[in-house]
Amino acid sequence: MIDETRRHFFERCGMGLGKAALAGLIAGNARAKEPHFAPKAKSVIYLFMAGGPSQFEMWTPKPQLQKLHGQYIPDSFLEGKRFAFMDTSFKDKPKLLATKREFKQYGQNGTWGSSLVPHTAAIADELTFLHTVSTENFNHAPAKCFASTGYTRFGRPSMGAWVTYGLGSESQDLPGFVVLQSGPRGPRGGAPLWGSGFLPTTEQGVLFRSSGDPILNLSTPKGVTPRMQSQVIDAIRDVNGMRNETMVDPEINTRIAAYEMAYRMQTSGPELIDFQKESKATLDMYGVEIGKPSFAANCLLARRLVERGVRYIHLWHTDWDHHDDLTKPLEDVCRQVDQPCAALVKDLKAHGLLDSTLVVWGGEFGRTPMGESRDGKVGRNHHIDAYTMWMAGGGVKPGVHFGQTDDFGFNAVEDPLSMHDVQATVLNQLGLDHTKLTYQFQGRNFRLTDVAGKVIHKILA
Amino acid sequence: MAGGRVYGAWLEPEGTAPPDPDLRRLSAILGADHPQATEKDPRNILLSRQNRFRLEGEIIRDAGLVASGLFAPKVGGPSVYPPIPAGVMNSGQNAREWVTSIGEDRYRRGMYTFLWRATPHPTMSLFDGPDAVASCTRRNRSNSPLQALTLLNDEAVKEFADALAARALKSKDPLGHAFELAMARQPNATERERLRRFVASQKDEAGGSEVAAYTGLARVLLNLDEFMTRE
C-alpha cells in the first residue's frame, strides 16, 4: 500500500529530489557540457612547483644583479612592502644577490635558460613565457590557495573543480579532475587546494596515489576473487533494480550506474598506471623508471590521463622553498622536473595532443632579487611582485616572452599580470568566459577570478 | 532504513529499550505517503511528508556499525581514529600520524572521527562531509562511483561485512536475518530468491566456504541503495 502511494508520488511529481539530483550530481563522469564559446583546449595539465621556484636561477638573468651584487637594494623598492620571514630577511638591510648559474640563449627567440633547465630551455620555441606574474600573499598556503582557487583564504572551489563544473568530463571511467603529488609531502594547505568549495563535492579533485592503487579502494578486499566481485556487482544491480520497481527513484538508477562505473574503474585503473606498453624511448625521454614513483612518472601519467579524456590534471611538486641554499637542493629539484616537463610537451606534441592540451608551469610565487641569509647560508625569500611562469599548447602562441621587469627583476615595468589573469586565460582556452562561469552561494554569484582577471589576449595564437 | 531503527534523529541500537510510542507513531506518520498530501502539496512546500534521500556520510558508518553489531554506544570524549587506508595521511602539508583506535573506540559513531583539515577523512569527503575550512550551510547529496568503490572495497566496510556475516550465521535463516539487520525488514520473495542464488554462487567460487559466501552477502547488503537511504 505504501509502495503504491510512493509510486504514485514519483510518477506524479517529476520534480522529486531524485530527478533533480540525477541531473546535477553525477558530475565528472562523462557528462560533457557546452562551453561558452569554441574552445582551443580540451584539457589542462598544471605543473605546480610548490614552494616558489627561483626565476633568477632558471629563466631571468639580470646583468644589474650581477654587477651590483652585495649592495643594498634601493629603499624605494622596499617602501610599503612586506615580506615573509622579516626576521631573517631584514635583520640586516637586504642586499642584491647575483646568481651563480651560467645562462645561455636557446631557440629561435633567444630564450635565456640556465644550466639548471637545459631540457626545458631546449624547447623554448614551444613555450610561452610570462615574466611579470604577481600574487597577493607572500606565505605558502594562502598563496597556493590564491593560485588554486583565486582567493587567499580557504573555502572557494579550485580551478579544476570550476573547470569540471563548467565542462564536465569526457572520460567514461576516470574522474574528470585528477591530482598527482611528488616530493617529500603534500603541498602546504592540503586538500582545500583541490577542493570543490561550495560547488558539488563530485567536482573535487581526486588525489591519485603514487604507489599501489592509483585510486583509493580500487582493489577488491583480500580473499575476494574477481569473479566473486563481479557476482557482488550483479547482485547489487539486481536487488537495487527490484527496489526501484516500488520506489521509482532516479537516484537508484544513478546508483546502479555508479556501481557499474566503479567496477569499470577497477579494470581501467591498473591499465592506466601500467607503463609496460610505453616504448623505452618514451620512458627514457621522461626519465621514468617503471615502478618508481617520481615527478617524471606523474608527467607520463598526465599524458595518459589526457589521452583518456580527463579534463584537468594538477601535478604538485613540493620542494621549491630555497631560503638558504641555492646549490644542491635547487639542483636536485630542477633535475627532477626539467627533463620530464620538456618530455611532456614533446610527447603531447608527438601524440597530436598539444594543440588541445594547455600545459601551465609555475609556483605560488617566485623569489626575491635580494639574498636571504640564514646561519651563513644564502638563498632567496618569497617574492610576489613579479615572477616567471610558462605555458605550452592549448592555443597559446609559442615562442613568446611576455612582460618586462625592471633591472633587478623586482617589479613589472611592462605588461604586469596577476594570477587572476592566468586563471582567466586558462578558462578562456577551454572555451569558458571567466566572468560568466559563476555559482550562487550565500546570496551572490561567485567566480574563480572574483572581481578581477583579464584574459592575456596578446599571448593567444 | 538500515541498521537497527532510526526514528527521526534517534538511532536506536539493537538491544536497547524501544523509544517512546509517540516517537514511533511520529516516525510512521512521517515515513508514509498520503495521497491527499501529495495532491495538495505536490512539491512538498508545506513539508507534509518526507522525501527519500541518501544518509550523510557519518550516518552511513553508523548504520554499518549497528547492522554488524560492532557499534560502541559510548557518548562523548576525545575524537577517535577508526581504520583508514594506508598512506592517506601523507598527502597533506605535513605527514600526520594516524594510530588506529583499538577496542570500543574503533567502533564509535562517525561523528567522533578525528578530522585533519589538510587531510580530511577520505570517506567523509567523498560522502559530502563538510571540509571544515568554510561554513557548511547545506550538505550536498552526491551519488558517485568513488562512493561505490569505497563501500565495496574499504577495509572499514569489509570489517562490518565480516561481523554482519558472523552475526547472521548464528541464525537458522542467515539470509533473512542479515537482510533484516541491514534493512529492518525481511526480504520479499523475489529479493530472497535472487540473494539465495547469489550466496550459492559465492559459495561455489569460494570453495564451499559458508563464511565467505555470507560475507559476500553482507557486502551486497551494505552496498544496496536501500541501506544508505532514508526512506
Side-chain angles (χ1 to χ4, degrees), chain A residues 2 5-6 8-9 12-13 15-18 21 25-26 29 141 154-155 175 181 185-192 195 197 200-202 204 206-207 209 212 215-221 223 225 227-228 231-232 235-236 238-240 242-243 247 249 251-252 254-255 258-259 261-262 265 442, chain B residues 32-35 38 42-43 51-54 85-88 90-95 116-120 122 125-126 128 131 133-134 137 140-150 152-155 158 188 190-191 194-195 198 201-202 205-206 212 216 219-220 223-226 229 231:
Chain A
I2 284 171
T5 56
R6 278 189 184 277
H8 168 85
F9 166 68
R12 296 275 302 270
C13 308
M15 292 302 290
L17 183 72
L25 290 179
I26 190 131
N29 302 322
F154 293 136
Q181 287 189 355
R185 52 168 169 73
R188 300 269 178 241
T201 33
T202 36
Q204 70 191 334
V206 174
L207 179 63
R209 289 132 54 94
I215 300 174
L216 215 50
N217 293 313
L218 200 61
S219 297
T220 49
T225 65
R227 201 178 147 77
M228 285 168 83
Q231 291 168 350
V232 165
I236 291 169
D238 290 352
V239 181
N240 276 342
M242 291 168 193
R243 191 66 178 163
M247 289 300 168
D249 180 356
E251 277 290 298
I252 300 182
T254 306
R255 195 162 324 278
Y259 273 78
M261 186 182 278
M265 285 167 87
Q442 292 182 338
Chain B
D33 262 339
H34 301 279
T38 315
R43 296 181 67 177
N51 289 323
R52 187 180 188 277
F53 57 71
R54 200 209 75 209
V88 165
N90 298 336
S91 62
Q93 68 171 20
N94 291 305
W116 286 107
R117 277 185 297 189
T119 35
S125 38
L126 283 179
D128 311 298
D131 61 9
V133 296
T137 52
N140 295 302
R141 282 188 211 107
S142 64
N143 186 345
S144 77
L146 293 173
Q147 292 170 358
L149 277 180
T150 303
L152 282 167
N153 298 335
D154 193 68
E155 184 198 345
K158 178 61 167 41
N188 65 31
T190 13
E191 291 163 339
R194 178 65 185 85
L195 292 171
F198 166 76
S201 67
Q202 290 271 291
E205 186 62 24
R219 293 180 64 222
V220 169
N223 277 278
L224 287 180
D225 182 79
E226 183 177 350
T229 301
E231 297 190 326

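Chain letters run A, B, ... following the sequence lines, proteins first and then strands; every chain starts at 1.
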Heavy-atom donor-acceptor pair, [X] side chain to [Y] backbone, under 3.5 Å:
| X | Y | answer |
| --- | --- | --- |
| A:N240 | B:D225 | yes |
| A:Q204 | B:S125 | yes |
| B:Q202 | A:M228 | yes |
| B:N153 | A:N217 | yes |

Nearest 0.5 angstrom please: [X] [atom1] to [Y] [atom2], how far?
| X | Y | atom1 | atom2 | result |
| --- | --- | --- | --- | --- |
| B:L152 | A:S219 | CG | OG | 12.5 Å |
| A:L216 | B:L126 | CG | CG | 8.0 Å |
| A:M247 | B:E231 | CE | CD | 3.5 Å |
| A:D238 | B:T190 | CG | OG1 | 11.0 Å |
| A:M242 | B:L224 | CE | CG | 10.0 Å |
| A:R243 | B:E226 | CZ | CD | 3.5 Å |

Could you report the tightest heavy-atom contact between [X] and [Y], atom names first, then the distance?
| X | Y | answer |
| --- | --- | --- |
| B:A86 | A:R209 | O-NH1, 2.9 Å |
| B:N140 | A:P200 | ND2-CA, 3.5 Å |
| A:A262 | B:A148 | CB-CB, 3.7 Å |
| B:R117 | A:P192 | O-CD, 4.0 Å |
| B:R194 | A:V239 | CG-CG2, 4.2 Å |
| A:T201 | B:S142 | OG1-OG, 3.8 Å |

Looking at [options], which has the largest count of heavy-atom pairs under 4.5 Å with chain B?
| options | answer |
| --- | --- |
| A:M265, A:R185, A:R188 | A:R188 |
| A:P187, A:P221, A:G155, A:G190 | A:P221 |
| A:G223, A:G195, A:A191 | A:A191 |

So what's closer than 4.5 Å to chain B heavy atoms on [X]: side chain, backbone, both or neither?
| X | value |
| --- | --- |
| A:T220 | both |
| A:I236 | both |
| A:R255 | both |
| A:L218 | both |
| A:Q181 | side chain |

May I ask you to name which of B:A206, B:G216, B:S201 has the most heavy-atom pairs under 4.5 Å with chain A?
->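 Ranked by heavy-atom pairs under 4.5 Å with chain A, first place is B:S201.
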
Output the option from B:L149, B:N188, B:D131, B:V88 having the highest count of non-hydrogen pairs under 4.5 Å with chain A.
-> B:L149

Please look at B:T137 and chain A and tell me whether the side chain, the backbone, both or neither of the residue comes under 4.5 angstrom of a heavy atom of that chain.
-> side chain

